[in-house]
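Please read the structure below before turning to the comments.
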Number of protein chains: 2
Amino acid sequence: MSKQSIKLTVDAVVFGYEEGNISVLLIKRKYEPFKNKWAIPGGFVLNDESLEEAVERELQEETGVKINYLEQLYTFGEPSRDPRGRVVSIAYFGLVRPNTFKIFASTDAAEVAWFNINELPQLSFDHKEILEIAIKRLQGKITYEPLGFELLDKKFPFSDLEKLYSTLLGRGIDRRNFRKKIIGLNVLDELNEKVSKGSGRPANLFQFNQKRYFQLKKEGIIFEI
Amino acid sequence: MSKQSIKLTVDAVVFGYEEGNISVLLIKRKYEPFKNKWAIPGGFVLNDESLEEAVERELQEETGVKINYLEQLYTFGEPSRDPRGRVVSIAYFGLVRPNTFKIFASTDAAEVAWFNINELPQLSFDHKEILEIAIKRLQGKITYEPLGFELLDKKFPFSDLEKLYSTLLGRGIDRRNFRKKIIGLNVLDELNEKVSKGSGRPANLFQFNQKRYFQLKKEGIIFEI
DNA sequence: ACAAAAGTGTTTGTAATACACCCATGA
DNA sequence: TCATGGGTGTATTACAAACACTTTTGT
């Protein structure tokens, strides 16, 4: 039996949401293979760090992003997925508020950018497949968990949440029913602040009630929109 | 930067169901570490095989089981999870009909056995945690997919399905409502055969309509019992 | 005839859906 | 005053839940 020589990487599909757009964080690779092609950020796991630590480190190094929600997505291990040899990659799935920090490219990345998930460039390795699975997971999650906390600003008008959902689901939703349901979940605290978006009636601001929010998540609420 | 030296294994949590009991396939380890302790079957991934091939090979080698349903569960990568050094394990989740083959121990396994999931022995490594996650997944899956096909005989009386669900969910279910719902899904074909279990009225046999079954799974039906 | 499991409908409550107008502000 | 987005209630429908007796067989 030949000695095992498999390399391990982690990759992170990071979604952000801003003004009606869902975007994904990608880097342009500085080195071969796939030099100057876009890819999901990630890299080799060090011997003494956990997988999560590896993802967070790579993200920070390559893009400047500090993630606040991270979960494991899937492990990709087809022998031919990397031209350098056998590389198994554990893919993660993350959510961030893009406007809370500046992205910058460094180490292995020549460039970093947010891409709208409907306007993706060609991707390296099997990253297209990874991204597709991540998008499905995102859409799946949002139908049985009240996501949003991780993607929206601390305080937000209700219409932001509404837009987030209808963007994510790719279809219109009934505003009245949606509001009824969310309010009924008791996860939002209504604030006594208003914000105006140029024209139209100013909107009341809301924020997530964290205690209730994480409790609901733990209970694994089912939540049909 | 030191060279990466991480080993990769796969582990398989295999569930079987027979006569009102859900059991898990375990092996007794023949070698150190954890010699003579029970563990989830699994082993090192070879350089040129896919992860799924590795799982199926290890299962076959160690236990004689040929699996007919397999999905990836989670990847465990804590640096300290294996005393031999850094070992990352990709855990799989499988379902079989225990009575369709004979289990036998070989290669790394000194013994193989089915354990009722309520009477588990002490386990090696972090296998207890892996098993707990697998059990949760099994319970989760059954509430949104019509599982059963993978665990029951080809032809079965309706009460078998009923018992499977109530065992898996750990609570009684309303027979009438359950039957209504399942029949309404149209996944079962009723046969013109009866089977008698010693005493009581003989039961009609059913079988899964595979086309409809896999179609429903793909649609990701939600299915509250 | 009785024990044991199979088979079968109806009612009630609850949650999802469909649907349209008024309100508050800035230009 | 008009354009723009914010905010709200009711009626209908569909599905989940609760509930108990009859049927068919073996002993």
Side-chain angles (χ1 to χ4, degrees), chain A residues 18-21 142-146 148 152-153 155-167 169 171-207 216 219-225, chain B residues 19-20 142-146 148 152-153 155-167 169 171-207 216 219-225:
Chain A
E18 216 169 6
E19 287 161 36
N21 276 95
I142 207 158
T143 65
Y144 62 84
E145 291 187 14
L152 296 177
D153 291 338
K155 302 171 177 185
F156 54 89
F158 199 88
S159 57
D160 272 17
L161 189 60
E162 209 180 287
K163 222 177 293 167
L164 170 64
Y165 267 77
S166 82
T167 308
L169 297 172
R171 60 180 167 85
I173 53 182
D174 184 294
R175 289 171 53 222
R176 278 175 290 190
N177 292 338
F178 181 72
R179 194 178 180 111
K180 238 184 296 177
K181 184 169 252 157
I182 301 285
I183 299 291
L185 287 176
N186 246 330
V187 277
L188 295 185
D189 292 332
E190 188 161 6
L191 306 174
N192 272 329
E193 294 177 63
K194 291 194 195 302
V195 68
S196 168
K197 280 196 184 159
S199 82
R201 175 175 173 173
N204 247 316
L205 289 178
F206 289 81
Q207 66 183 20
L216 266 190
E219 288 172 10
I221 207 153
I222 286 193
F223 176 75
E224 279 294 306
I225 299 300
Chain B
E19 288 161 36
I142 207 158
T143 66
Y144 62 84
E145 292 187 13
L152 296 178
D153 291 337
K155 302 171 177 187
F156 54 89
F158 200 89
S159 57
D160 272 18
L161 189 60
E162 209 180 288
K163 221 177 295 166
L164 169 62
Y165 267 78
S166 82
T167 308
L169 297 172
R171 60 181 167 86
I173 54 181
D174 184 293
R175 288 171 54 223
R176 279 175 288 190
N177 291 339
F178 182 72
R179 193 177 180 114
K180 239 182 297 177
K181 183 169 254 155
I182 302 285
I183 299 290
L185 289 176
N186 245 331
V187 278
L188 295 185
D189 292 331
E190 188 160 6
L191 305 173
N192 272 330
E193 294 177 64
K194 291 194 195 303
V195 68
S196 168
K197 281 196 184 160
S199 82
R201 174 173 174 174
N204 248 315
L205 288 178
F206 289 81
Q207 66 183 21
L216 266 190
E219 288 172 11
I221 207 151
I222 286 193
F223 175 75
E224 278 294 306
I225 298 299

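What's counted below: heavy atoms across the whole structure, side chains too, no hydrogens, waters or symmetry copies. Letters go in sequence order (proteins before strands), and every chain restarts at 1.
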Exercise. Under 4.0 Å between a side-chain N or O of A/Arg179 and OP1 or OP2 of D/dT8?
Worked result: yes
Problem set entry | Donor/acceptor link under 3.5 angstrom from A/Arg176 side chain onto base of C/dA20 | yes
Exercise. Taking CG from A/Asp174 and C1' from D/dG7, how many angstroms apart are they, rounded to a whole number?
Worked result: 13 Å
Problem set entry | Listed partners of B/Glu193 passing salt bridge (Lys or Arg N to Asp or Glu O under 4.0 Å), at least two apart | B/Lys155
Problem set entry | Rounded interatomic separation in angstrom, taking CG from A/Leu161 and P from D/dG7 | 12 Å
Atom pairs under 3.5 Å, N or O on each side, protein against nucleotides 23-27 of chain C: can you list them with distances?
unit_1: C/dC23; atom_1: O4'; unit_2: A/Arg201; atom_2: NH1; d: 3.4
unit_1: C/dC23; atom_1: O2; unit_2: A/Arg201; atom_2: NH1; d: 3.3
unit_1: C/dA24; atom_1: N3; unit_2: A/Arg201; atom_2: N; d: 3.4
unit_1: C/dG26; atom_1: O3'; unit_2: A/Gly198; atom_2: O; d: 3.4

Problem set entry | Distance (rounded to the nearest 0.5 Å) between A/Leu161 CG and A/Arg179 CZ | 10.5 Å
Exercise. Can you find a pair of side-chain heavy atoms, one from B/Asp153 and one from B/Asp160, that are under 4.5 Å apart?
Worked result: no
Exercise. To the nearest Å, how far apart are A/Glu162 CD and D/dT8 C1'?
Worked result: 13 Å
Seminar exercise, completed: To the nearest angstrom, the CZ-P distance between A/Arg175 and C/dC22 comes to 15 Å
Seminar exercise, completed: Value for CG (A/Asn204) from CG (A/Asn192), rounded to nearest 0.5 Å, stands at 7.0 Å
For this session: Drop me the distance from B/Leu164's CG to B/Ile142's CD1, to the nearest 0.5 angstrom.
Result: 4.5 Å
For this session: Can you tell me the distance, in whole Å, between the CD1 atom of B/Ile182 and the P atom of C/dG7?
Result: 14 Å
Exercise. Given D/dA16, is OP1 or OP2 found less than 4.0 Å from the side-chain N or O atoms of B/Lys181?
Worked result: yes
Seminar exercise, completed: Between NZ of B/Lys163 and C1' of C/dA6 the distance, given in whole Å, is 12 Å
Exercise. Given side chains that start at C-beta, do those of A/Val195 and A/Pro202 come closer than 4.5 Å, heavy atoms only?
Worked result: no
Problem set entry | Nearest-Å distance for atom pair CD1/P, residues A/Ile183 and D/dG7 | 10 Å
Any N/O pairs under 3.5 Å between the protein and nucleotides 11-13 of chain D? List them or say none.
none

Exercise. For the residue pair A/Phe158 and A/Phe206, does the interplanar ring angle fall in the parallel (under 30°), tilted (30 to 60°) or perpendicular (over 60°) class?
Worked result: perpendicular
Exercise. How close or far is atom P of D/dG7 from atom CZ of A/Phe178, stated in whole angstroms?
Worked result: 13 Å
For this session: In sequence, state the C-alpha distance, the side-chain angles, and the governing distance for A/Ile173 and A/Arg171, and then conclude on side chain to side chain contact (heavy atoms under 4.5 Å, CB included).
Result: CA-CA 6 Å; A/Ile173 53 182; A/Arg171 60 180 167 85; 4.1 Å; yes
Exercise. With no angle test and no hydrogens, is the base of C/dA6 tied to the side chain of B/Asn204 by a donor-acceptor pair under 3.5 Å?
Worked result: no
Exercise. So A/Asn177 and A/Lys180, side chain to side chain contact (heavy atoms under 4.5 Å, CB included) or not? Walk me through it.
Worked result: CA-CA 5 Å; A/Asn177 292 338; A/Lys180 238 184 296 177; 3.2 Å; yes
